[in-house]
Amino acid sequence: MQNTKLLQAQGQTESIQMLSVQPDTKPKGCAGCNRKIKDRYLLKALDKYWHEDCLKCACCDCRLGEVGSTLYTKANLILCRRDYLRLFGVTGNCAACSKLIPAFEMVMRAKDNVYHLDCFACQLCNQRFCVGDKFFLKNNMILCQTDYEEGLMKEGYAPQVR
């Protein structure tokens with residue numbers, strides 16, 4: 001009994017199957033609209049059958065059969081991944097600006113630190129990093145190569161160049 005409560009609290013992930021309707025079978029009832037499914041294809045999810053148009057996200061109304069093979073359920077809602085994360089996802093704070101990072105937002109990571117994409121820049125000169133740029137994490141600060149090497153020089157030892 002406790003496992004069931006835990007799953008309900010965390011939400012569940014369910015798969016979506018697209019099935020071809022066999023002409024010689026009795027039409028199935030749609031869990032969304034309660035009408036018979038006479039289309040060429042139907043969706044099976046949550047142990048029920050659905051018209052492709054009826055299996056939608058409760059928030060954004062996107063057709064779940066089109067956005068992937070997974071849906072999310074929590075609090076009696078059927079949701080797409082984005083809305084599930086927006087409503088129930090675990091969020092954190094940006095290591096640079098300390099502001100909240102929404103669970104669905106793209107981030108940059110350096111060791112245990114997480115950053116908004118816009119905040120992932122040298123924390124001394126604000127230079128944004130491009131793909132392939134070196135960056136350094138020193139005293140929990142992101143530094144460009146120039147500022148890192150200048151800091152090493154001030155501390156009395158030069159970096160090794162290879």
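The figures that follow rest on heavy atoms only: side chains count, while hydrogens, waters and symmetry mates do not. None of these values were measured; they are calculated from a predicted model. In this chain, residues are counted from 1 in sequence order.
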So which heavy atom on [X] is nearest to which on [Y], and how close?
X: L77; Y: A58; answer: CD2-CB, 3.9 Å
X: D147; Y: C122; answer: OD2-SG, 3.0 Å
X: F129; Y: F120; answer: CD1-O, 3.6 Å
X: C59; Y: L87; answer: SG-CD1, 3.6 Å
X: L55; Y: A45; answer: CD2-CB, 3.9 Å

(request) Would you check, one step at a time, whether the test side-chain contact (heavy atoms from CB on, under 4.5 Å) holds for R109 with V107? (result) CA-CA 7 Å; R109 294 180 185 275; V107 296; 4.3 Å; yes
Compare all side-chain heavy atoms of [X] with those of [Y] and state whether any distance is below 4.5 angstrom.
X: Y49; Y: L19; answer: yes
X: Y41; Y: E52; answer: yes
X: L143; Y: F135; answer: no
X: L71; Y: T13; answer: no
X: Y115; Y: I101; answer: no
X: S69; Y: S15; answer: no
X: T70; Y: I16; answer: no
X: R35; Y: H51; answer: yes

Between atom [atom1] of [X] and atom [atom2] of [Y], what is the distance when rounded to the nearest 0.5 Å?
X: L79; Y: K56; atom1: CG; atom2: NZ; answer: 14.5 Å
X: L42; Y: M18; atom1: CG; atom2: CE; answer: 9.0 Å
X: Q123; Y: L137; atom1: CD; atom2: CG; answer: 8.5 Å
X: Q127; Y: T146; atom1: CD; atom2: OG1; answer: 6.5 Å
X: C119; Y: N113; atom1: SG; atom2: CG; answer: 12.0 Å
X: C57; Y: I78; atom1: SG; atom2: CD1; answer: 9.5 Å

(request) Take D83 and Y72 through the side-chain contact (heavy atoms from CB on, under 4.5 Å) test and state the conclusion after the steps. (result) CA-CA 9 Å; D83 284 325; Y72 297 79; over 6 Å; no
(request) Count the heavy atoms of every other residue, nucleotide or ligand shown that sit under 6.0 Å from CZ of R63, and state whether that count exceeds 12. (result) yes
(message) Does atom CZ (R128) have a neighbourhood of more than 12 heavy atoms from anything else shown, all under 6.0 Å?
(response) yes
Expected output: side-chain [X] to main-chain [Y] donor-acceptor under 3.5 Å:
X: W50; Y: K44; result: no
X: H116; Y: L100; result: yes
X: D133; Y: C130; result: yes

(message) Could you walk me through whether V67 and R81 satisfy the side-chain contact (heavy atoms from CB on, under 4.5 Å) test, starting with their C-alpha distance in whole Å, then the side-chain angles of each, then the deciding distance to 0.1 Å, before giving a yes or no?
(response) CA-CA 9 Å; V67 296; R81 181 178 192 277; over 6 Å; no
